[in-house]
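The next block holds one structure in the form of structure tokens; read it before the comments.
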Amino acid sequence: MASLSSLCSSSPSIKSQTSITKPLVILRKDSVTFPTRFSKTPSLVQTQSVAREISADLSNTNDVVPKKAKNGLEKDPRELWKRYVDWLYQHKELGLYLDVSRVGFTDEFVEEMEPRFQSAFKAMEELEKGAIANPDEGRMVGHYWLRKPELAPNSFLKSQIETTLDAVRKFADEVVSGKIKPPSSPEGRFTSILSVGIGGSALGPQFVAEALAPDNPPLKIRFIDNTDPAGIDHQIAQLGPELASTIVVVISKSGGTPETRNGLLEVQKAFREAGLEFAKQGVAITQENSLLDNTARIEGWLARFPMFDWVGGRTSEMSAVGLLPAALQGIDVREMLAGASLMDEANRTTVLRNNPAALLALCWYWASDGVGSKDMVVLPYKDSLLLFSRYLQQLVMESLGKEFDLDGNRVNQGLTVYGNKGSTDQHAYIQQLREGVHNFFATFIEVLRDRPPGHDWELEPGVTCGDYLFGMLQVKYMIQTILNTAWWHWI
Ligand SMILES: O=P(O)(O)OC[C@H]1O[C@H](O)[C@H](O)[C@@H](O)[C@@H]1O
């Protein structure tokens with residue numbers, strides 16, 4: 001269960017606003033379930049949201065960015081509460097809540113953006129039907145089909161997805177159960193995974209390992225994701241004799257990325273020096289007939305799994321790229337796919353306020369003027385989500401960081417993403433966010449369940465460790481909301 005809250009930073013140069021945007025007063029839902037760790041009444045917060053300065057010339061794109069009312073933010077706690085209730089997104093089955101009430105977009109902005117969202121929804125529909133959505137590379141964009149193969153535009157693609165998934169699961173089961181064994185390991189089974197890959201061929205598996213792997217996985221994973229000799233030596237040295245029971249998964253969509261090739265050559269050298277036969281422990285995940293695929297085939301590696309032309313590297317987590325490492329660590333990949341499919345379904349609705357992806361896009365567009373004029377800070381209050389911002393960095397920055405738009409206009413736009421974790425980083429860079437340059441907006445992520453039920457322990461009467469984490473988030477969130485200008489209290 002997770003809850004996301006977004007808000008904009010203020011520009012200190014802007015004086016307190018006197019006029020208040022009218023929030024929407026019609027409640028969207030008959031009842032609202034509030035994402036709270038406590039059974040107490042949800043708190044009302046006295047706060048002052050703040051407007052931002054928008055530079056006159058943000059971009060030389062011909063695309064007209066909707067104008068913003070600079071007085072569009074709410075101060076009255078009751079009106080803010082109505083705005084919260086009205087805009088709160090909740091998906092009970094997924095356990096996902098999204099609170100955008102403090103971002104400050106106006107009704108006029110939402111209205112102006114509506115036709116753009118409708119064309120985006122239409123484009124998404126076409127994309128899911130198999131349109132050539134990547135004109136540069138002339139290819140389809142079909143990662144959605146990975147989690148629901150019946151959506152694939154033809155039966156060949158559907159069967160490719162299903163066959164690969166079955167092969168990944170079967171292989172992982174046989175490795176974990178010891179049916180597939182390393183040739184010369186005293187343990188008689190594989191105990192570790194060494195993943196070699198970079199960018200989209202590393203960030204997803206790294207994030208998922210940190211977020212979802214059990215405490216004692218059947219195989220522990222480590223990564224070589226650079227061509228830094230010291231980093232590579234460190235990974236190999238840490239494996240030590242365990243190299244003999246390590247399955248090496250080399251991941252590269254193109255099959256020719258230099259860093260990944262270098263990592264492979266270095267690992268193969270380590271195998272030779274240890275008197276081990278690499279081919280018996282090597283697995284390739286790559287496009288058919290790529291250099292890596294041909295190498296693996298000719299050298300007779302243990303296994304090969306395909307990457308599909310229609311899956312981009314940065315969205316490949318639900319392909320063999322992410323599923324094989326996850327399954328080898330004992331993560332239920334069927335559950336992962338089912339969750340992603342539910343999330344996709346939620347993001348297919350064409351009603352903006354009921355579509356969580358569209359709501360976030362609205363917020364990001366508002367906050368960064370649609371051109372990246374402010375940075376996005378992602379703050380998960382959960383250790384296991386430490387790598388989320390890193391994963392999002394590639395997903396967002398490689399997708400949006402563009403010199404030209406699809407019509408060939410020079411736009412030089414993007415959206416900078418960075419972040420770390422709370423509350424740890426409240427003691428580090430968040431100091432600047434609070435008091436320094438207000439060139440960002442923030443997305444807070446709270447995981448509503450800290451320990452499994454029945455495992456909580458009160459370190460002070462009535463207070464758990466997780467209550468402190470929640471408290472730190474609330475304090476940070478409120479301080480960030482009001483910055484230096486107003487006061488707040490709980491009721
Ligand atoms: O998977 P590979 O072909 O090795 O590519 C690895 C990475 O290379 C480049 O940096 C691309 O911009 C990324 O999108 C890609 O994920």
Side-chain angles (χ1 to χ4, degrees), residues 127 132-144 146 160-161 164 168 193-210 221-228 231-232 235 248-268 282-297 299 301 303-326 328 340 372 387-404 406 412-418:
L127 177 147
I132 301 295
N134 185 327
D136 287 351
E137 297 168 23
R139 62 174 176 85
M140 300 184 288
V141 176
H143 50 274
Y144 303 94
L146 297 169
Q160 258 193 328
I161 298 166
T164 306
V168 162
I193 312 158
L194 181 57
S195 170
V196 183
I198 199 166
S201 292
L203 286 162
Q206 283 169 332
F207 172 45
V208 166
E210 191 84 20
I221 194 162
R222 17 180 98 251
F223 294 90
I224 290 179
D225 67 352
N226 200 355
T227 185
D228 171 11
I232 295 170
Q235 294 302 331
V248 182
V249 183
V250 185
I251 310 175
S252 173
K253 180 177 176 180
S254 61
T257 304
E259 292 95 326
T260 304
R261 185 206 70 137
N262 295 356
L264 167 62
L265 295 178
E266 293 273 359
V267 173
Q268 286 182 321
V283 175
I285 303 178
T286 183
Q287 287 194 113
E288 220 177 324
N289 288 323
S290 71
L291 180 60
L292 173 59
D293 189 44
N294 290 335
T295 306
R297 185 168 38 76
E299 293 180 0
W301 291 16
R304 289 181 292 137
F305 295 96
M307 276 188 87
F308 307 120
D309 161 62
W310 39 267
V311 176
R314 61 190 178 275
T315 51
S316 63
E317 174 53 29
M318 300 285 164
S319 72
V321 170
L323 297 180
L324 182 65
L328 288 170
L387 296 181
F388 191 35
S389 52
R390 235 181 125 199
Y391 177 73
L392 269 188
Q393 223 161 37
Q394 191 200 27
L395 200 61
V396 173
M397 295 177 76
E398 204 174 41
S399 300
L400 301 186
K402 301 287 172 197
E403 185 175 7
F404 298 102
L406 287 173
N412 292 113
Q413 67 187 36
L415 180 59
T416 304
V417 180
Y418 63 96

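Counting starts at 1 for both ligands and their atoms, following the listed order.
- Using a 4.0 Å cut-off to heavy atoms of Ser201, the atoms of ligand 1 that qualify are 1 (O), 2 (P).
- Scanning the protein for heavy atoms near atom 16 (O) of ligand 1, the closest one is Gly200 N, 2.8 Å.
- Ranking protein heavy atoms by distance to atom 7 (C) of ligand 1, first place goes to Ile198 O, 3.9 Å.
- Considering both main-chain and side-chain atoms, Arg314 never comes within under 3.5 Å of ligand 1 through any nitrogen or oxygen pair.
- When hydrogens are left out, the protein atom nearest atom 2 (P) of ligand 1 is Thr257 OG1, 3.3 Å; that is the closest non-hydrogen contact.
- The protein atom (non-hydrogen) at minimum distance from atom 13 (C) of ligand 1 is Glu398 OE2, 3.4 Å.
- Dense packing is recorded around CD of Glu299, with more than 12 heavy atoms of other residues, nucleotides or ligands lying under 6.0 Å away.
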Audit row: Phe305, Leu323, side chain to side chain contact (heavy atoms under 4.5 Å, CB included) steps and yes/no
CA-CA 11 Å; Phe305 295 96; Leu323 297 180; over 6 Å; no
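- Distance alone, capped at 3.5 Å, is enough to place a donor-acceptor pair between the Lys253 side chain and the Asp309 backbone.
- Counting heavy atoms under 4.0 Å from ligand 1, residue Met307 does not touch it at all.
- With rounding to the nearest 0.5 Å, the separation of OG in Ser201 from CZ in Arg314 is 12.0 Å.
- Atom 5 (O) of ligand 1 lies below 4.0 Å from at least one non-hydrogen atom of the protein.
- When the shell of 6.0 Å around CZ of Arg304 is examined, it contains more than 12 heavy atoms from other residues, nucleotides or ligands.
- Between the CG atom of Leu395 and the CZ atom of Phe388 there is a distance of 8.5 Å, given to the nearest 0.5 Å.
- Of all atoms in ligand 1, listed by their number and element, those nearer than 4.0 Å to a heavy atom of Gln394 are 13 (C), 14 (O), 16 (O).
- In terms of modelled atom types and a separation under 3.5 Å, the side chain of Ser316 and the main chain of Ser319 share no donor-acceptor contact.
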